[in-house]
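A quick write-up on the structure given underneath.
This is a predicted model, so every value here is computed, not measured. The figures that follow rest on heavy atoms only: side chains count, while hydrogens, waters and symmetry mates do not.
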Amino acid sequence: MLDIPGLILKELNSGQQLDSISLAKKFDVDEQKIVGAIKSLEALGDVVKTEIYQVKSWKLSEEGEEVVKEGSHEARLFNLVPAGDGIEQPALMAKCGKWGKIGFSKAMSAGWILIQKSQGAPIVKRKVTEIADNLKQDLQEIKSGKSEAV
């Protein structure tokens with residue numbers, strides 16, 4: 001088991017200011033364990049001087065990670081619609097699975113697809129030839145630590 005307070009004191013000997021987030025990464029432990037160790041050092045008296053500040057950071061959810069890897073639901077749906085003849089809506093939705101409804105809704109709202117209702121099942125066709133998957137691009141920026149660019 002790591003002697004986290006001891007490790008923190010060794011780091012403080014370098015004369016640099018430290019923060020719990022970077023220490024947690026350096027020691028590969030949960031940040032709350034670092035905070036607890038700092039609090040125990042504070043309880044000793046004048047051993048360490050601390051300052052509390054907030055840091056806003058973004059971390060992608062499981063779904064966000066999926067979007068970075070596979071593309072947004074709406075872009076994935078668009079890419080499943082063949083150019084020209086299109087695809088029957090039930091067949092398209094079956095290919096999409098759980099994200100189909102949201103992808104369909106977003107692609108319709110973005111004006112990327114249209115529905116032709118004539119005879120039989122409705123046909124989904126592309127309304128545009130190309131799309132930009134801005135959501136995927138934004139999430140890639142966030143994942144790479146450039147959230148200010150979003």
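The ring-ring contact (aromatic ring centres under 6.0 Å, His included) contacts involving residues 116-141 comprise nothing, where partners must be two or more places apart or lie in separate chains.
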Listing, residues 36-55 side-chain donor-acceptor contacts under 3.5 Å, not counting sequence neighbours, or none:
| residue | atom | partner | partner atom | Å |
| --- | --- | --- | --- | --- |
| Ser40 | OG | Ala37 | O | 2.7 |
| Glu42 | OE2 | Thr50 | OG1 | 2.1 |

Side chains of residues 130-138: which donor-acceptor partners sit under 3.5 Å, not counting sequence neighbours?
| residue | atom | partner | partner atom | Å |
| --- | --- | --- | --- | --- |
| Asp133 | OD1 | Ser72 | OG | 2.8 |
| Asp133 | OD1 | Lys136 | N | 3.3 |
| Asp133 | OD2 | Ser72 | N | 2.9 |
| Asp133 | OD2 | Ser72 | OG | 3.4 |

Side-chain donor/acceptor pairs under 3.5 Å, residues 94-102, sequence neighbours excluded:
| residue | atom | partner | partner atom | Å |
| --- | --- | --- | --- | --- |
| Trp99 | NE1 | Cys96 | O | 2.9 |

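With values rounded to the nearest 0.5 angstrom, Glu74 atom CD is found 9.0 Å from Ser109 atom OG. The CD atom of Gln16 sits 4.0 Å away from atom OG of Ser14, with the distance rounded to the nearest 0.5 Å. For the atom pair CD1 (Ile123) and CG (Leu92), the distance works out to 10.5 Å, reported to the nearest 0.5 Å.
By the side-chain contact (heavy atoms from CB on, under 4.5 Å) test, Pro82 is found to be paired with Ile87, residues two or more places apart in sequence or in another chain being considered. Considering only residues two or more places apart in sequence or on other chains, Ala24 meets the side-chain contact (heavy atoms from CB on, under 4.5 Å) condition with Glu31, Ile34. Listed by chain and residue number, Arg76 satisfy the salt bridge (Lys or Arg N to Asp or Glu O under 4.0 Å) test with Glu66 (two or more places apart in sequence, or in another chain). Remark: Glu11 engages Leu18, Leu23, Lys26, Phe27 in a side-chain contact (heavy atoms from CB on, under 4.5 Å) (not counting sequence neighbours). The side-chain contact (heavy atoms from CB on, under 4.5 Å) check on Leu114 picks up Gln116, Lys125, Lys127, with sequence neighbours excluded. Under the salt bridge (Lys or Arg N to Asp or Glu O under 4.0 Å) criterion, Arg126 pairs with no residue at all, not counting sequence neighbours. Annotation: salt bridge (Lys or Arg N to Asp or Glu O under 4.0 Å) contacts of Lys33 (sequence neighbours excluded): none. Looking at residues two or more places apart in sequence or on another chain, you find no side-chain hydrogen bond (donor to acceptor under 3.5 Å, both in side chains) involving Glu62.
Both Met93 and Ile115 are members of a single hydrophobic cluster when ILVMFWY side chains are connected at heavy-atom separations under 4.5 Å.
Remark: Asp30 CG is packed, more than 12 non-hydrogen atoms of other residues, nucleotides or ligands lying under 6.0 Å away. Annotation for Asn13: atom CG counts as buried by contact number, over 12 foreign heavy atoms lying within 6.0 Å.
Residues Leu77 and Trp112 fail the side-chain proximity criterion, which asks for heavy atoms closer than 4.5 Å.
Val128 and Phe78 get closest at one heavy-atom pair: O-CZ, 3.4 Å.
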